[in-house]
Amino acid sequence: MNLIDGKLTSKEVRKDLAIEVEKILSAGGRRPHLAAVLVGHDGGSESYVSGKMKACEEVGFKSSLIRYEDDVTEEELLAKVMELNEDDGLDGFIVQLPLPKHISEEKVTETINPRKDVDGFHPQNVGRMTIGMPAFISATPQGIMELLKRYNIETSGKHCVVVGRSNIVGRPMSILLSQKSNHGNATVTVCHSRTPNIQEVCRQADILIAAIGLPGFVKEDMVKEGAVVIDVGTTRIKSDKTKSGWKLKGDVDFDAVAPKCSYITPVPGGVGPMTITSLLINTLKSAKGEVY
Ligand code: GUN
């Protein structure tokens, strides 16, 4: 069994990004700039956004955090999005999800200028990605593709089973893996809550992507000997063993499954660190005008 070390890979990619930033600055260019809009005080969102801001600092990007209380109106938030859309000093921005119930996430996402949508959530970026045009690709699937590439894991002709059909992970993952491109060309099956015999389908996977949000869902008898297992689960569970009082639990029963795998990602330290790094990659691409 080989561990796919997302933390280490992420460090390597971030080193390369820092070098790119230095090149831009020494050529007289502007420092890449990412902004994040955070509404409310949800623990998970606070921690993700703080990780994103710290990562910017690490590679030499400028970062800005714009905060609102839970009672911000949809109108106020949309006005801020429109202001950021027009800000020439900004390469990209994200609005951290989830948003309070009185605000339409769909409306907010659609209002973001696709050229600054480094989360890759705007329908224009999703559409462009789907037909293989240059696009901002959402961070988690892009991070997984980067891990598969860097660990030389062959996808062509392989059977990939994606468990979960979310707009952020499962769906884009299935599109990228089946695309006619390097590190695509896979035969993809998407499973979800209505899939009968999900255990049996998972057992057929050469590459299994678990993105269903149910801690420990993938058990040992659902994995073929020698399979590659990518665990996207990040459920926060209370713990008295960590400083924060929380720990992350993946969708895979790691201890039981790992011995059967050729490669597996741990949680934490697998897909997670690459997700933030992908956001940095998209911000740099935007700064360099590589997508639009
Ligand atoms: N909430 C959970 N993941 C994400 C993400 O990647 N981007 C945004 N904007 N919100 C999230």
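One-based numbering along the sequence shown. Each ligand, and each atom within it, is numbered from 1 in the order the structure gives.
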| note | Across all chains, not counting sequence neighbours, the side-chain contact (heavy atoms from CB on, under 4.5 Å) partners of S47 are none
| said: Going by side-chain contact (heavy atoms from CB on, under 4.5 Å), name the residues that satisfy it together with S244, two or more places apart in sequence or in a different chain. | reply: T242, W246
| field | Test item: Q96 side-chain N/O and S45 main-chain N/O as donor-acceptor pair under 3.5 Å | value | no
| request: Any salt bridge (charged side-chain N to carboxylate O under 4.0 Å, His left out) involving residues 45-70? Give me the pairs, sequence neighbours left out, ordered by first then second residue. | output: R14-E58, E46-R67
| Around ligand 1, what residues show up once you keep those with a heavy atom under 4.0 Å from it? | K52, V95, Q96, L97, D119, F121
| query | Just checking, any donor-acceptor pair under 3.5 angstrom between side chains of S63 and H33? | reply | no
| field | No-hydrogen, no-angle side-chain donor-acceptor test under 3.5 Å, Y292 and N113 | value | no
